[in-house]
Protein chains: 2
Amino acid sequence: MVRMPTTRPYHHGDLRAALLTSAERTLREKGVAALSLRELARDVGVSHAAPGRHFKDKQALLDALTLVGFERMARAMDAADDPELPLERRLTALAKTYLGFAIENAELLELMFARKHDPDVSAQLTAAVDRSAEPITRLISDAQQRGEIIEGDPERITMVAAASLHGLAAFTANGSLPAEASLAGLDEHIHHLLHGLRPR
Amino acid sequence: MVRMPTTRPYHHGDLRAALLTSAERTLREKGVAALSLRELARDVGVSHAAPGRHFKDKQALLDALTLVGFERMARAMDAADDPELPLERRLTALAKTYLGFAIENAELLELMFARKHDPDVSAQLTAAVDRSAEPITRLISDAQQRGEIIEGDPERITMVAAASLHGLAAFTANGSLPAEASLAGLDEHIHHLLHGLRPR
DNA sequence: ACCTGAACACCGTTCAAGT
DNA sequence: ACCTGAACACCGTTCAAGT
């Protein structure tokens, strides 16, 4: 027998997921400041106290969104990494993916890097952060082994590359640099990162 | 005749300034999320509606803080720039100043780059942002003229340098990279920026 | 186990009224 | 000109009570 939709179609088992989906939508459309647990509850058709069952407080919801963000980014970066590619093209592909994520998820990116998270989630969060940085770490160490990247502490060199990409992504996500200009200049940006600003 | 302090010592003409000072203190100590106009009014000894005389809404106060931040940063960058220095040392000095600002004003930096500002202040804000970026812009064009930096669109090259510094500052301000590690690695970071990650 | 409704202590913003 | 006090419509969080 088929269950007919009632006046309250869902929120049986997946209230948590529904809240996260709705929260991300609000985040994208109106920004973090506009995110209210009560409004979220209304949007999802549940009492204002119901979210409390799934998130101990508002910060817990923001932390969950952050985690979702890093996991999504990690998947994207992982999928974009092709170890067969020559170094510069390989790095450009990763950078483009990062930049694309930043453009498509500007508000989420801000939340992800806002470091307000509860210590409770920090273990999962650290894992997700590491996973999303791993393709770049791997690229650097691969290239070092081939002698295509200078020698020296791989962590520091990875940090130089990551800072360069993150700075560009941050300027793009916050509107300092228009998305088109950012994407159009990406190849050159990576070239400069690899070859330096001093003449050779 | 000396005015004895009354129960309400100030808030005559400088309520606006007092609110900004108090707001920055709260920002530094407890973060943006903890910033409330009503609490600010209490701290400063004034009715909860008084701030409304000086800031049309909460965003206006945040915008004013952002402006103060960029002006302070601009002054610091300007004071740190020494055109007599050789390129790498000159750039390192600017980077160190930027990083120092980011460490000392981590919460403020986040606010400054959060792009939520009202269009009203955007003219002043744009000017302050430009002024704080100018030392780097100037350094790049000086060095280009001397042939110490590669040719090409100076704006793009400035963006490469700025992204690198901003990425490092952002990772430091948000705790991804401890301040000490960040400062300790700064010389090398700048070296890599100038010389590239590929072996020469 | 999961959700509701009422309650509490906060908010930001507005607006008449006071000085 | 600058500030107050009351009012309004919101919040987040908690907790007994319901199913």
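Here is the naming used below: chain letters follow the sequence lines, and residue numbers restart at 1 for every chain. These figures come from a predicted structure and were not determined experimentally.
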Rounded to whole angstroms, how far apart are CD on E39(A) and C1' on dG12(D)? 14 Å
Does S36(A) make a side-chain N or O approach to OP1 or OP2 of dC10(D) shorter than 4.0 Å? no
Could you grab the distance from atom OG1 of T158(B) to atom CD1 of I140(B), nearest 0.5 Å is fine? 5.0 Å
Whole Å only: how far is the CZ atom of R42(B) from the P atom of dT4(D)? 14 Å
Co-membership, hydrophobic cluster, residues L62(B) and V121(B), 4.5 Å side-chain: no
Can you tell me how far apart CD (E71(B)) and OG1 (T66(B)) are? Round to the nearest 0.5 Å. 11.0 Å
Taking side chain as C-beta onward, heavy atoms only, is F55(B) less than 4.5 Å from L20(B)? yes
Figure out the CG/P separation between L15(B) and dC2(D), and round it to whole Å. 10 Å
Could you tell me the separation between the CG atom of L40(A) and the P atom of dC11(D), rounded to a whole number of Å? 11 Å
Interatomic distance where CG belongs to D43(B) and C1' belongs to dC11(C) [whole Å]: 15 Å
Cationic N near anionic O, under 4.0 Å, E39(B) to K30(B): yes
Classify R16(B) by what it touches in the nucleic acid, base, sugar-phosphate, or nothing, heavy-atom distance under 4.0 Å. nothing
Ion pair check, R72(A) and E104(A), cut-off under 4.0 Å: no
Test item: D81(A) and I136(A) side chains (from C-beta on) under 4.5 Å apart, heavy atoms: no
Grouping I, L, V, M, F, W and Y whenever their side-chain heavy atoms are under 4.5 Å apart, do L37(B) and V44(B) come out in a common cluster? yes
Treat a base pair as Watson-Crick or G-U wobble with both distances under 3.5 Å, then lay out DNA chain C in dot-bracket form, 5' to 3', with | for cross-strand pairs. ||.|||||...|||||.||
Identify all pairs in which a protein N or O lies below 3.5 Å from an N or O of nucleotides 5-8 of chain D, and state each distance.
{"from": "dA6(D)", "atom 1": "N6", "to": "H48(B)", "atom 2": "NE2", "distance (Å)": "2.9"}

Are the side chains of S182(B) and L168(B) in touch, meaning some heavy atoms are under 4.5 Å apart? yes
Would you say K58(A)'s side chain and L35(A)'s backbone share a donor-acceptor pair under 3.5 angstrom? yes
Here the distance between atom P of dT14(D) and atom CG of L37(A), to the nearest Å, is 11 Å
Hey, does the side chain of S22(A) reach the backbone of A18(A) with a donor-acceptor pair shorter than 3.5 angstrom? no
Please list residues of residues 53-69 of chain B whose heavy atoms come under 4.0 Å from any atom in DNA chain D, ordered by number; otherwise none. R53(B), H54(B)
